[in-house]
Protein chains: 2
Amino acid sequence: MNQVNKRTRIQERNRAAILEAALEVFSQAGFRGATLDQIAKTAGLSKPNLLYYYASKEAIHTELLSGLMDNWLEPLEALKADGDPIEEIIAYVLRKLDMARSLPRESRLFANEIVQGAPRIIGEITGPLKTLVDEKASVINGWIEEGKIAQINPYHLIFSIWATTQHYADFDVQIRAILPTNGNTRFAEAANFLEHMYCAALKPS
Amino acid sequence: MNQVNKRTRIQERNRAAILEAALEVFSQAGFRGATLDQIAKTAGLSKPNLLYYYASKEAIHTELLSGLMDNWLEPLEALKADGDPIEEIIAYVLRKLDMARSLPRESRLFANEIVQGAPRIIGEITGPLKTLVDEKASVINGWIEEGKIAQINPYHLIFSIWATTQHYADFDVQIRAILPTNGNTRFAEAANFLEHMYCAALKPS
DNA sequence: GTCTATAAGGTGATAGAC
DNA sequence: GTCTATCACCTTATAGAC
């Protein structure tokens with residue numbers, strides 16, 4: 001290993017540590033609420049050293065958000081027109097719920113951004129996200145016309161899936177405070193409930 | 001009108017203007033993201049004058065949140081055990097959706113607070129809110145035992161109602177960006193969709 | 001690449017005149 | 001009750017030594 005590779009690997013490790021720390025802090029406090037001090041401390045670096053790797057607070061946040069959008073679109077992309085309609089939609093619901101379970105910080109990062117008007121990510125929404133949703137709404141409308149599922153509004157179906165699944169990440173504090181069970185059964189319970197609800201709602205009449 | 005009453009009315013008017021401005025700013029930017037400058041300017045007061053009425057930024061935020069919690073619980077309180085189960089739940093869904101339409105800033109104020117860990121409102125959640133939810137979950141469980149509705153988990157039913165309705169306020173920017181319709185029909189569409197979904201999900205098997 | 005020191009500007013809150 | 005002026009602190013970002 002030569003000096004250049006060594007430096008590169010240190011750089012990659014530090015950049016990764018910064019993004020990990022930034023995800024932790026931004027998702028918990030929002031863009032304005034987060035401070036470089038917190039991120040630097042969480043990453044185990046000094047503040048100037050952090051700014052050696054990223055030019056600004058904004059740059060870190062932008063990199064996080066853009067890096068996540070691809071991941072965020074994946075579950076919906078996997079919805080295939082040639083599968084069984086209800087199975088495809090239920091599988092999408094469960095994939096989204098599993099993302100809320102395994103990537104709650106990513107979900108809260110988006111939630112913070114969108115609740116506050118999506119100033120730094122509106123382009124991704126009106127662009128790639130809208131394109132994908134329009135495409136999948138067409139698929140769902142096709143299923144409706146074939147009589148394979150009930151006549152529902154595909155856009156509002158998708159919104160309700162986003163809402164019900166991301167809720168378990170975004171409003172985690174509230175859910176833990178209210179649920180009478182103390183353990184980690186809430187995602188299994190949620191999966192049961194959501195599967196029942198969407199099966200019932202989609203069954204053609 | 002004597003001098004005392006006149007001063008009192010001016011005070012009431014200014015305090016109301018401050019709370020209105022604070023709702024506007026806090027709901028859009030979160031606690032940390034909001035500044036007293038913005039709130040004062042929106043309220044049409046100087047910053048020191050604003051702090052003449054409220055001791056601190058925190059005091060304004062606390063007053064807003066505690067004043068709103070009562071309003072927030074009302075729709076669920078109106079769910080009555082002696083009504084028709086499915087009609088009662090659907091009416092609750094539609095009341096919540098109407099609150100998301102008419103009070104979006106209040107919804108976003110809560111969303112901002114809870115996404116960031118509810119540091120200033122956790123007591124209201126573990127206290128009055130949990131008490132109310134436990135009570136209504138019992139009512140719903142009673143309906144299930146009587147075979148009047150399907151066997152669903154009442155807590156997750158309530159979570160899903162919160163999620164699907166508040167989503168139209170909290171993620172308003174995203175919804176507007178994605179929906180193909182330009183007008184204000186989204187709440188009517190949502191009402192149709194949600195009524196269909198919850199009717200189907202609750203119908204006893 | 002990493003550090004200490006510090007600049008530059010924003011922000012919550014107070015002092016004191018009117 | 002309301003204002004101007006200002007303090008004290010925080011936060012982003014940079015300078016420059018090592």
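We name chains A, B, ... by the order of the sequence lines, and we start the count at 1 in each one.
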- Dot-bracket for DNA chain D: what is it, with Watson-Crick or G-U pairs under 3.5 Å, [ ] where a pair crosses earlier ones, and | for a pair to another strand? ||||||||||||||||||
Nucleotide N/O of nucleotides 13-17 of chain D paired with protein N/O under 3.5 Å:
unit_1 : atom_1 : unit_2 : atom_2 : d
D/dA13 : OP2    : A/K57  : N      : 2.8

- B/R101: what forms a salt bridge (Lys or Arg N to Asp or Glu O under 4.0 Å) with it, not counting sequence neighbours? B/D98
Rounded to whole angstroms, how far apart are [atom1] on [X] and [atom2] on [N]?
| X | N | atom1 | atom2 | value |
| --- | --- | --- | --- | --- |
| B/N14 | D/dT2 | CG | C1' | 10 Å |
| A/Q11 | C/dT2 | CD | C1' | 13 Å |
| B/L50 | D/dT4 | CG | C1' | 16 Å |
| B/Y52 | C/dA15 | OH | C1' | 16 Å |
| B/I39 | C/dT11 | CD1 | C1' | 12 Å |
| A/R9 | C/dG1 | CZ | P | 12 Å |
| A/K41 | D/dC10 | NZ | P | 14 Å |

Closest heavy-atom pair and its distance - [X], [Y]:
| X | Y | answer |
| --- | --- | --- |
| B/L23 | B/E106 | CD2-OE2, 3.3 Å |
| B/A78 | B/E88 | O-OE1, 3.7 Å |
| A/G123 | A/P128 | O-CD, 3.9 Å |

- Salt bridge present between A/R105 and A/E20 (N-O < 4.0 angstrom):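 Yes.
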To the nearest 0.5 angstrom, please state how far the [atom1] atom of [X] sits from the [atom2] atom of [Y].
| X | Y | atom1 | atom2 | answer |
| --- | --- | --- | --- | --- |
| A/F171 | B/F159 | CZ | CZ | 11.5 Å |
| B/I178 | A/I158 | CD1 | CD1 | 8.5 Å |
| B/L132 | B/E74 | CG | CD | 11.0 Å |
| A/L157 | B/M197 | CG | CE | 8.0 Å |

- Inter- and intrachain pairs under ring-ring contact (aromatic ring centres under 6.0 Å, His included), touching residues 11-44 of chain B, at least two apart: B/F26-B/F31, B/F26-B/H61, B/F31-B/H61
- Can you sort out which residues in residues 23-31 of chain B have a heavy atom within less than 4.0 Å of DNA chain D? Ascending by number, please. none
- How is A/A34 classified with respect to the nucleic acid when contacts are heavy atoms under 4.0 Å: base, sugar-phosphate, or nothing? sugar-phosphate
Can you check whether [X] has a side-chain N or O nearer than 4.0 Å to OP1 or OP2 of [N]?
| X | N | value |
| --- | --- | --- |
| A/R32 | D/dT12 | no |
| B/Y54 | C/dA13 | no |
| A/N49 | C/dG1 | no |

- Take atom CD of B/E77 as the centre, draw a 6.0 Å sphere, and report whether it contains more than 12 heavy atoms from other residues, nucleotides or ligands.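 Yes - once you tally the heavy atoms of other residues, nucleotides and ligands closer than 6.0 Å, there are more than 12.
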- Ranking D/dG1, C/dT2, D/dT11 by distance to the side chain of A/T35, first place goes to D/dT11
- Would you list the pairs meeting side-chain hydrogen bond (donor to acceptor under 3.5 Å, both in side chains) in which at least one residue belongs to residues 153-176 of chain A, sequence neighbours left out?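 side-chain hydrogen bond (donor to acceptor under 3.5 Å, both in side chains) check on residues 153-176 of chain A returns A/Y92-A/W162, A/S107-A/D170, A/D134-A/Y155, A/H156-B/Y168, A/H156-B/E189, A/S160-A/Y198, A/T164-A/Y198, A/Y168-B/H156, A/D172-A/R176, A/D172-A/R186.
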